[in-house]
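The analysis underlying the following values was restricted to heavy atoms, covering all of them including side chains, and did not include hydrogens, waters or symmetry mates.
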Amino acid sequence: MREIKFRVWDNEENNFWGEGRNLSLVSLVSEVVVNYDSTVLEQYTGLKDFNGAEIYEGDILQDVDDSTIVGVVEYDEAFGEYDCGDNNLYECTRDCVVIGNIHENADLLEEQ
């Protein structure tokens with residue numbers, strides 16, 4: 001069974017909540033704590049990249065062989081799975097590394 005974890009991006013503070021600590025699911029879903037206008041809730045995919053780093057929704061992946069950016073990790077509601085660009089995320093993890101996320105490193109996507 002995969003570990004269920006989340007991270008929260010704060011649009012007002014321009015940082016992730018609780019860097020280096022686990023946030024409880026109860027605190028994350030509380031309307032008092034999570035304001036959908038100012039925060040983005042991202043779930044851990046249960047997968048790790050080529051180097052063993054955890055992959056979350058919103059992460060940007062790069063191919064280790066040719067340094068091309070593969071895409072952004074997103075959950076596909078229609079298929080019930082995570083995708084990265086045009087690829088199934090599970091297939092990408094063997095040959096990709098997390099190089100950033102859409103909040104702090106959006107410029108990486110503009111360079112494509």
Checking [X] now: which residues fulfil side chain to side chain donor-acceptor pair (under 3.5 Å) with it, not counting sequence neighbours?
X: Asp83; answer: none
X: Asp95; answer: none
X: Glu81; answer: Asn88

For residues [X] and [Y], report the shortest heavy-atom separation together with the two atoms involved.
X: Ile102; Y: Ala106; result: O-CB, 3.5 Å
X: Arg94; Y: Phe50; result: O-CD1, 3.0 Å
X: Cys92; Y: Cys84; result: SG-CB, 4.1 Å

Would a 4.5 Å heavy-atom cut-off, applied to side chains only, mark [X] and [Y] as touching?
X: Ile69; Y: Ile60; answer: yes
X: Ile99; Y: Leu108; answer: yes
X: Val40; Y: Val8; answer: no
X: Val97; Y: Leu61; answer: no

Note to self: Using modelled atom types and a 3.5 Å cut-off, is there a donor and acceptor pairing between side-chain atoms of Asn51 and backbone atoms of Ala53?
What the structure shows: no
Check: Just by distance, do the side chain of Asp59 and the backbone of Ile55 share a donor-acceptor pair under 3.5 Å?
Finding: no
Item checked: Gap separating the CG atom of Asn11 from the NE2 atom of His103, nearest 0.5 angstrom -> 7.0 Å
Next item on the list: Please assess Trp9 against Leu41 for the test side chain to side chain contact (heavy atoms under 4.5 Å, CB included), listing each intermediate value before the final yes or no.
Entry: CA-CA 7 Å; Trp9 176 258; Leu41 183 65; over 6 Å; no
Checklist line | Within residues 62-72 or reaching into it, pairs that qualify as side chain to side chain donor-acceptor pair (under 3.5 Å) - sequence neighbours excluded | finding: Asp66-Thr68
Notebook entry, point to check: Tell me the salt bridge (Lys or Arg N to Asp or Glu O under 4.0 Å) pairs involving residues 42-53, sequence neighbours left out?
Noted result: Arg7-Glu42
Next item on the list: Return the set of residues passing ring pair (Phe, Tyr, Trp, His ring centres under 6.0 Å) with Tyr56 (not counting sequence neighbours), or none when no residue passes.
Entry: Tyr44
Notebook entry, point to check: By ring pair (Phe, Tyr, Trp, His ring centres under 6.0 Å), which residues pair with Tyr75, not counting sequence neighbours?
Noted result: Tyr82
Next item on the list: Tell me, please, which residues at least two apart from Glu74 pass salt bridge (Lys or Arg N to Asp or Glu O under 4.0 Å).
Entry: none
Check: Going through the checks in order, is the side chain to side chain contact (heavy atoms under 4.5 Å, CB included) test met by Leu89 and Val73?
Finding: CA-CA 7 Å; Leu89 181 60; Val73 176; 3.8 Å; yes
